[in-house]
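Presented below is the structure to which this report refers.
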Amino acid sequence: MAERRYNPAEIEPRWQALWEREHTWEVSNDISAEAEKSYVLEMLPYPSGEPHVGHLKNYALGDAIAHFHRRTGHRVLHPMGYDAFGLPAENNAIKTGVQPRVATDRSIAAYRHWFHRWGISIDWSRELATHEPRYYHWTQWIFLKFLERGLAYRKEAAVKWCPFDQTVLANEQVIDGRCERCGNLVELRQLEQWFFRITDYAQRLLDDLDTIDWPEHVKAMQRNWIGRSEGAEVTFRSEEVGIDYAVFTTRPDTLFGATFFVMAPEHPDVFKLAAGTEREADVHEYVNRALTESAEVRGDADKPKTGVPLGRTVTNPVNGEQLPMYVADYVLMEYGTGAVMGVPAHDQRDYEFATAFGLPIRPVVAPAGGDEPDIAEEAFTAHTDDERLINSGEFTGMDAVAGREAIVVWLERQGVGHASVNFRLRDWLISRQRYWGCPIPVIYCPRDGLVSVPEEDLPVELPEIEDYQPRGRSPLAAAEDWVRTTCPRCGREARRETDTMDTFVDSSWYYLRYCDPHNDSAPWDRRIVDYWMPVDTYIGGVEHAILHLMYSRFFVKALADMDLLGFQEPFKTLFTQGMILGADGNKMSSSKGNVVAPSEIVERFGADAARCYVLFMGPLDQDAAWSDTGVEGVYRFLARLWRLGDALAGQSKGGAVRQPVAPEGDALVLVRKANWAIDKVTSDVRGRFAFNTAIAAVMELVNEIYRHPEAELPARRFAVATAASLVFPFAPHLGTEVYEMVTGRRVWEEPWPDADEDMLQADTFELVCQVNGRVRDRVTAATGASREELEQLCLATQGVQTHVDGNEIAKVIVVPNKLVNVVVK
RNA sequence: GCGGCGGUGGUGGAACGGUAGACACGAUGGACUCAAAAUCCAUUGUCCUUCGGGACGUGUGGGUUCGAAUCCCACUCGCCGCACCA
C-alpha cells in the first residue's frame with residue numbers, strides 16, 4: 001500500500017470545484033443585512049499573457065483578509081475584473097496581427113483560470129472587464145456628466161507626445177521625460193486635446209489625505225504631486241507696450257531684490273514684446289530652438305542657463321525700478337503665470353542666470369545680527385526664521401516673515417498684487433490617438449459644433465478595424481463608416497470624435513461598478529454603492545501611488561458633487577505591497593532569466609504552498625527576493641500539518657472540536673500553545689497585515705504538537721483543528737482539508753476562534769533576573785507574585801549573588817510577571 | 001535640492017522601552033534505509049572557556065533611562081518618489 005502523503009494536486013481542485021458549485025463566495029446586495037460589511041479589493045489586473053508572481057502575492061494577500069473578515073462576522077465583497085483596454089494589446093496587434101480584442105479575451109481567460117486554480121475566494125457573479133460595451137457604456141456616461149459640469153473640456157496646449165506610441169500622454173505618464181509605457185523620449189507638441197479639470201479639486205485632494213488610512217509615503221507622494229505653494233501674485237507693468245504681467249512668487253519678501261524679469265519661451269506675448277526691437281531675430285531663433293528641444297534636455301536642472309533679452313523692461317511695483325525682460329527656457333509656461341521675477345540673491349536659478357548675463361545681484365534678506373550676507377552662499381541655502389529684510393525701502397529691518405506679510409498687504413492696497421496659492425498639479429489630459437480604448441462620446445457638427453452623444457445612443461461602440469498602425473491620429477479616423485454620422489441636434493451630416501480615452505479613465509470607477517454590476521439603466525444604484533463603499537481594504541502596487549489613486553479620488557469627489565455618491569474618498573485603507581524580486585535580487589525580467597512562473601510553482605508545490613510562501617517571505621509592504629528553498633520550507637510545514645490531520649482522521653470520530661476542560665501535562669502545553677497562536681494570529685492579521693509572523697505562529701503551534709505526541713487525544717484534536725483553522729486564510733485548501741479530516745466540518749463556516757484568556761497565561765513564568773540591566777539569572781516564579789516576593793526570589797539567585805558581590809544595592813526595579821533589575825553602585 | 005523610508009547572524013527576517021536573533025532557509029552532526037528520497041532528532045551570532053560560565057554584539061558617535069535595536073541629537077550609508085515648480 002502506497003504511503004499516504006500530502007497531495008495538493010488532489011486536495012485543491014476538489015475544494016475549488018465545491019466552492020464553485022455552491023457559489024460559496026458570492027454575496028448579495030442585501031443592504032438591510034445586519035452584519036457589518038467589508039469591501040476587500042485588490043487592484044484589477046491588466047490582462048497580458050498569464051498572471052505573474054506579483055499577482056499571486058496581491059491576490060493571496062487580499063484573499064487572506066477577505067477570509068479573515070468573513071470569519072469574523074462580516075459580509076465580504078471580494079470581486080474581480082480586468083483593465084482590458086490599453087496600449088500593449090494594441091502594439092501586440094500591430095506586431096502579430098492578432099486583434100486586441102482576441103488577445104485580450106484570451107488573456108482574461110488565462111487570468112480567470114489561474115484565479116480559480118489559486119483558490120481565490122472571488123464573487124464571480126460580479127466579474128467585469130472594462131472593454132465590454134456594457135461597462136464602457138457607463139464610462140462614456142460619466143464622461144458626458146463631466147462634460148455637462150465643465151469638468152471635461154478641450155484646450156490647445158503644449159502637451160507631451162510620445163513619438164513611438166504616436167499619442168499624447170498625461171503628465172503623470174511621463175517619467176524622467178520619457179514615456180511610461182515604451183521609455184522613449186517625449187516631445188512637446190502644441191495640440192488641442194481633451195482634459196479633465198482635476199485642478200479644481202487640488203485643495204480637496206490635498207486636505208482629504210488626512211481623512212484616510214494610507215501609508216505615509218503614498219500620501220507624501222500625492223502631496224508632492226499636488227505641490228501646493230503659498231505666496232503672492234505680483235503685477236509688473238511694461239510701460240512700453242502697456243501690458244501688465246503677473247508673476248507668482250513664494251518669496252514676496254524678496255521683491256526689492258528683483259533685478260530682471262523672465263518669460264517662458266511658450267509665453268504668448270514673447271514675440272509681441274520683441275517685435276520692433278533690435279532683439280526680434282534673436283528672440284525668434286531662441287524660442288524656436290527651445291520649443292523643439294526634448295523635454296529631457298530642456299528639463300535638465302544642471303544645464304547652463306540660457307536666454308535672450310526681449311529689449312523691453314517692466315516696472316518693479318515696490319520701487320519703480322525698470323527691470324530688463326528676458327526669455328529663457330528655465331521658466332516653465334505650465335507653472336504659475338509663465339513669467340517670473342528674477343531675484344538672484346535669493347534663488348539659485350536666478351543667481352545662475354544673473355551670473356551668466358552679468359546682471360546685478362542685490363541681497364534683501366540677511367541673517368539677524370549678521371552683516372552683509374555672502375551672496376553666492378545666500379542664493380543656495382534654505383532660509384530660516386531668524387532673518388530680517390535689508391535694502392527694502394520702508395520694510396527694511398522687519399523680520400522676514402513679518403516683512404513678507406507686510407509687503408503682500410501693501411501690494412493689495414496698491415492694487416498691484418495679492419496673496420495667492422499655486423499648485424503643481426495639471427489638468428488630466430485624457431485623449432489618446434489610439435484604437436484600443438473607450439471612444440469619446442462626442443460628435444462634431446459643422447453647424448452645431450461640439451455635440452454630446454445623447455444618453456440613449458450610448459454606448460458608442462468601438463468599431464472593428466483592420467489597421468491599428470498609429471499615424472499621428474487615431475486609427476479610428478480611418479473607419480470612415482463609423483466616423484460619419486448625423487448630428488443629434490440638427491440631423492445633418494457630422495463626424496465622430498476619433499480619439500479614445502486614457503485607460504486610467506476606465507479604472508477610475510470600476511470599484512463602483514462591482515457594487516451593482518448588472519445595472520443596465522444606470523452606472524449604479526446609489527443606495528447599493530453607498531452601502532458597500534468606500535473600499536475598506538485596497539491592495540496593490542505602489543507604482544499606482546499617483547496615477548490611479550489620484551484619478552480615482554478625483555472621480556469620487558466629482559461624482560459626489562453631482563449627488564451620485566454619498567462619500568468623498570474611495571479607499572479607506574490602502575496597503576501597498578512590495579515587489580517580488582528574482583532569486584538574484586533583481587527585478588524579474590525575461591532578459592535576466594530570473595522570472596518565476598507561478599504556474600510552475602503551483603504545479604510543483606500546490607497553490608497553498610505558493611500563496612503561503614509569498615505571504616511568509618517577509619513584511620508584505622517590502623520587496624523580497626524569491627527563494628526556491630523557501631517555498632519548499634513552507635511546503636514542508638503544510639505537509640507536517642496535513643500529516644497531523646491525517647493521523648487524527650483515523651482515530652477521531654469527527655464532530656465539533658472543543659477545548660478540553662482542565663487539561664494537564666502535555667495536553668495543557670498544547671492547549672496553551674493553541675490559544676497563544678489564536679491570539680497571535682488574530683492580532684497580526686487584524687490591522688497590521690503581519691502575515692509573515694502570523695504564519696510563523698502557526699508553524700510554532702505545529703512544531704509544538706510534534707513535540708508532544710503523547711498528549712491526550714482531545715488536546716491534540718483541539719490543537720490540530722486550531723492550526724487548520726488559523727492557517728485557512730493563507731492556505732485555504734489545506735486548512736479546509738485538515739479541519740474536515742479532524743472535525744468533519746467546513747472551516748469557512750466556522751467563526752474565527754477566540755483565545756481563552758485563562759489559557760494565555762501560565763501559573764508560573766520565568767523571572768528574568770538582571771543586575772544593572774544585564775541578565776544574570778533566571779528563575780521560575782508564580783504568576784501574579786508580589787513585587788516583594790519577586791525581589792526576594794531574584795536576590796536569592798546564584799547569578800545575582802555573584803554579580804552583586806557584596807556591593808551596595810541602590811535600588812531594585814520590579815516589572816511584575818517579567819523581570820527584576822537590581823541596581824548596584 | 002525637496003519629500004518619504006530604511007541599516008539586526010551565512011541568508012530572508014522576529015522583537016508593547018524589559019531575556020536581541022521568533023519562524024524559515026542554509027550549514028554541520030546523528031537516527032531510519034542495502035542505498036537514496038522522504039521523514040525525524042540535535043547543534044548553529046562572534047570570540048574566550050577549567051564546559052560552571054564569561055566578554056562582545058542591532059551602520060557610527062553622543063544623550064535620556066534602573067534598562068535602548070526601539071526614544072532624542074548629530075553623522076554616515078542605502079533605497080524610493082518628485083525636481084529649472086519661481
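Since the model is a prediction, treat every value here as computed from it, not as a measurement. Throughout, a chain's letter reflects where its sequence line sits, starting with A, and its residues are numbered from 1.
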Quick one: sort the A:Phe691 and A:Phe689 rings into parallel, tilted or perpendicular, breaks at 30° and 60°.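 The arrangement is tilted - the two ring planes meet at 30° to 60°.
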Hey, can you tell me if A:Tyr635 and A:Tyr6 have their rings parallel, tilted or perpendicular (30° and 60° cut-offs)?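 Aromatic pair A:Tyr635/A:Tyr6 classed tilted.
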Can you identify which nucleotide, out of [options], has its nearest atom closest to the [X] side chain?
| X | options | answer |
| --- | --- | --- |
| A:Leu332 | B:A86, B:C23, B:C66 | B:A86 |
| A:Thr693 | B:A15, B:U19, B:G18 | B:A15 |
| A:Val823 | B:A86, B:C23, B:C66 | B:C66 |
| A:Asp329 | B:C84, B:A20, B:U39 | B:C84 |
| A:His803 | B:A86, B:C66, B:G54 | B:G54 |
| A:Lys811 | B:C66, B:C40, B:C85 | B:C66 |
| A:Met699 | B:A24, B:C40, B:G18 | B:A24 |
| A:Arg424 | B:G12, B:G13, B:A83 | B:A83 |

Sticking with atom [atom1], work out how far [N] lies from [M], rounded to a whole angstrom.
| N | M | atom1 | result |
| --- | --- | --- | --- |
| B:U19 | B:A83 | C1' | 48 Å |
| B:U70 | B:G17 | C1' | 7 Å |
| B:G52 | B:U44 | P | 15 Å |
| B:A24 | B:A14 | C1' | 11 Å |
| B:A68 | B:G57 | P | 12 Å |
| B:G54 | B:G59 | C1' | 27 Å |
| B:C77 | B:U50 | P | 44 Å |
| B:G10 | B:U58 | P | 13 Å |

Less than 4.0 angstrom between a side-chain N/O of [X] and OP1 or OP2 of [N], yes or no?
| X | N | result |
| --- | --- | --- |
| A:Thr629 | B:A24 | no |
| A:Arg636 | B:C25 | yes |
| A:Asn703 | B:A24 | yes |
| A:Arg228 | B:C85 | no |
| A:Asn692 | B:A14 | yes |
| A:Arg776 | B:A55 | yes |
| A:Lys818 | B:G18 | no |
| A:Arg774 | B:C56 | yes |

If I take atom [atom1] in residue [X] and atom [atom2] in nucleotide [N], what distance separates them, rounded to the nearest angstrom?
| X | N | atom1 | atom2 | value |
| --- | --- | --- | --- | --- |
| A:Glu543 | B:C79 | CD | P | 20 Å |
| A:Gln770 | B:G17 | CD | P | 16 Å |
| A:Ile813 | B:A68 | CD1 | P | 12 Å |
| A:Glu704 | B:C40 | CD | P | 15 Å |

Any side-chain donor-acceptor pair under 3.5 Å between A:Arg776 and A:Gln801?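 Side-chain D/A pair, A:Arg776 to A:Gln801: absent.
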Between A:Thr306 and A:Tyr330, does any side-chain donor sit less than 3.5 Å from a side-chain acceptor?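 The criterion, which ignores hydrogens and geometry beyond distance, is not satisfied for A:Tyr330 and A:Thr306.
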Should the pair [X]-[Y] be classified as a salt bridge under the 4.0 Å nitrogen-to-oxygen rule?
| X | Y | value |
| --- | --- | --- |
| A:Glu789 | A:Arg787 | no |
| A:Arg707 | A:Glu704 | yes |
| A:Arg251 | A:Asp350 | no |
| A:Asp329 | A:Lys303 | yes |

Show the numbers, then the answer: is there a side-chain hydrogen bond (donor to acceptor under 3.5 Å, both in side chains) between A:Glu700 and A:Trp676? CA-CA 10 Å; A:Glu700 282 198 56; A:Trp676 169 84; over 6 Å; no
For [X], answer base if it contacts any base atom (sugar-phosphate contacts may also be present), sugar-phosphate if it contacts only those atoms, and nothing otherwise; contact means non-hydrogen atoms under 4.0 Å.
| X | result |
| --- | --- |
| A:Pro619 | sugar-phosphate |
| A:Val768 | base |
| A:Glu632 | nothing |
| A:Val340 | base |
| A:Val331 | base |
| A:Phe616 | base |
| A:Gly633 | sugar-phosphate |

For RNA chain B, write out the stems as range with range, using runs of 3 or more consecutive Watson-Crick or G-U pairs with both distances under 3.5 Å.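 Stems for RNA chain B, defined as runs of 3 or more consecutive pairs: B:1-7 with B:76-82, B:10-12 with B:23-25, B:26-31 with B:39-44, B:45-48 with B:53-56, B:59-63 with B:71-75.
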Do any of residues 217-224 of chain A sit with a heavy atom less than 4.0 Å from RNA chain B, and if so which?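 Residues of residues 217-224 of chain A under 4.0 Å from RNA chain B: A:His217, A:Ala220, A:Met221, A:Asn224.
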Tell me if the centroids of the rings in A:Tyr326 and A:Phe261 come within less than 6.0 Å of each other.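 No, ring centres 6.0 Å or more apart.
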Aromatic ring centroids of A:Phe353 and A:Phe260 under 6.0 Å?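 They qualify: ring centres under 6.0 Å apart.
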Which way is the base of B:G9 turned, syn or anti, if we draw the line at 90° from 0?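 It is syn.
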Syn-anti status, with the boundary at 90° from 0, for the nucleotide B:G52: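 Base orientation relative to the sugar is syn.
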Find which nucleotide of RNA chain B each of A:Ala696 and A:Glu216 is nearest to by heavy atoms, and output the residue with the more 5' nucleotide.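 Counting from the 5' end, the first nearest nucleotide belongs to A:Glu216.
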5' precedence on RNA chain B between A:Ala639 and A:Gln622 (nearest-nucleotide basis):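 Closer to the 5' end of RNA chain B: A:Gln622.
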Quick one: does A:Leu56's side chain get under 4.5 Å of A:Arg611's, heavy atoms only?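 Counting from C-beta outward, A:Leu56 and A:Arg611 do come under 4.5 Å.
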Please step through side-chain hydrogen bond (donor to acceptor under 3.5 Å, both in side chains) for the pair A:Asp684 and A:Thr693, ending with a clear verdict. CA-CA 7 Å; A:Asp684 283 354; A:Thr693 50; 2.8 Å; yes
